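Input: a single structure, listed below in structure tokens.
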Amino acid sequence: MRLIDFIFSDDIRHEIGGKVSIMGIYNDKLSFNLPNNVVWPFPFRLGIFIRVLVEDSDQKPNRFSIKLSHNGNDLAGIDGDVKSSDGKLGTIVLPVVLNPLPLPGPGLLQANIKIFSNENILLDECPGTIQIEVINI
């Protein structure tokens, strides 16, 4: 099992025909132009697109957990089941939109993803880190 993609974005949309569109992809920095008197936490829409390859030799996963932290402090978490209509898993696709995500202020936003088979951890990675920068206007 291995992580294929981990992308921070503005939004993720489900399109006709099973396609997924990722809007406003971030690199390593998220910059805000905000007034000096902005009130924190600041509500923000954040998309996270994740793909994980499950190979035939891997244990079958049945749940996932995504945790976000800000400057080392827990910020948000999402847990869910991994299901397959035909009993086979090739690629797990997790398009997640957090809206609103209450950003506490400038600093470091970090993500952790875990994939489980019951209580057994199959994947545990911190693939996403993005610097939150505020430019006062």
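Because only heavy atoms are used, hydrogens play no part in the values below, and waters and symmetry mates are left out as well, while side chains stay in. The model shown is predicted, which means the values in this text are computed figures rather than measured ones.
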Checklist entry - Do other residues, nucleotides or ligands put more than 12 heavy atoms under 6.0 Å from Asn99 CG? => result yes
How close do [X] and [Y] get, counting heavy atoms only, and between which atoms?
X: Gly72; Y: Ser69; value: C-CB, 4.3 Å
X: Ile92; Y: Pro61; value: CD1-CG, 3.8 Å
X: Asp5; Y: Leu3; value: O-CD1, 3.6 Å
X: Asn71; Y: Pro106; value: ND2-O, 3.5 Å

When rounded to the nearest 0.5 angstrom, what is the spacing between [atom1] in [X] and [atom2] in [Y]?
X: Leu30; Y: Leu108; atom1: CG; atom2: CG; result: 11.5 Å
X: Asp10; Y: Arg13; atom1: CG; atom2: CZ; result: 9.5 Å
X: Lys60; Y: Ser117; atom1: NZ; atom2: OG; result: 9.5 Å
X: Ser9; Y: Phe49; atom1: OG; atom2: CZ; result: 9.5 Å
X: His70; Y: Leu75; atom1: NE2; atom2: CG; result: 7.5 Å
X: Arg63; Y: Ile115; atom1: CZ; atom2: CD1; result: 10.5 Å

Hydrophobic clusters here meaning ILVMFWY residues chained together by side-chain heavy-atom distances under 4.5 Å, can you tell me if [X] and [Y] are in one?
X: Leu53; Y: Leu122; answer: no
X: Val97; Y: Ile113; answer: no
X: Phe64; Y: Leu98; answer: yes
X: Leu109; Y: Ile7; answer: no
X: Ile130; Y: Ile78; answer: yes

Checklist entry - Would Asp11 and Arg45 satisfy salt bridge (Lys or Arg N to Asp or Glu O under 4.0 Å), going step by step from the backbone distance to the final call? => result CA-CA 7 Å; Asp11 196 11; Arg45 180 185 188 99; 2.9 Å; yes
If we only count heavy atoms from C-beta on, is the [X] to [Y] side-chain gap below 4.5 Å?
X: Trp40; Y: Pro104; answer: no
X: Leu68; Y: Leu101; answer: yes
X: Ile25; Y: Phe8; answer: no
X: Phe6; Y: Ile48; answer: yes
X: Phe116; Y: Ser65; answer: yes

Next on the checklist: Between the side chains of Glu125 and Arg2, is the shortest nitrogen-to-carboxylate-oxygen separation below 4.0 Å, so that they form an ion pair?
Outcome noted: no
Checklist entry - Are Asp79 and Lys67 close enough for a salt bridge, meaning some N to O gap below 4.0 Å? => result yes
Next on the checklist: By the definition side chain to side chain contact (heavy atoms under 4.5 Å, CB included), identify the one residue from Ile50, Val52, Thr91 that meets it with Ile4.
Outcome noted: Thr91
Item to check | Asn62/Asp81 under side-chain hydrogen bond (donor to acceptor under 3.5 Å, both in side chains): CA gap, chis, key distance, verdict | outcome: CA-CA 6 Å; Asn62 60 4; Asp81 294 330; over 6 Å; no
Item to check | Test log, rule side chain to side chain contact (heavy atoms under 4.5 Å, CB included), inputs Asn112 and Gln110 | outcome: CA-CA 7 Å; Asn112 174 264; Gln110 189 167 30; over 6 Å; no
Checklist entry - Taking atom types as modelled and ignoring hydrogens, do the side chains of Gln131 and Asp28 form a donor-acceptor contact shorter than 3.5 angstrom? => result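 The criterion, which ignores hydrogens and geometry beyond distance, is not satisfied for Asp28 and Gln131.
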Checklist entry - Run the side chain to side chain contact (heavy atoms under 4.5 Å, CB included) check on Ser31 and Glu133 step by step: do they pass? => result CA-CA 5 Å; Ser31 297; Glu133 174 182 271; 3.0 Å; yes
Checklist entry - With under 30° as parallel and over 60° as perpendicular, where do the rings of Phe32 and Phe42 fit, or are they tilted in between? => result perpendicular
Next on the checklist: Please check this pair: side chain of Asp58 against backbone of Met1, looking for a donor-acceptor N/O pair closer than 3.5 Å.
Outcome noted: yes
Item to check | Worked check of side chain to side chain contact (heavy atoms under 4.5 Å, CB included) between Leu103 and Ile132 | outcome: CA-CA 9 Å; Leu103 289 179; Ile132 301 169; 3.7 Å; yes
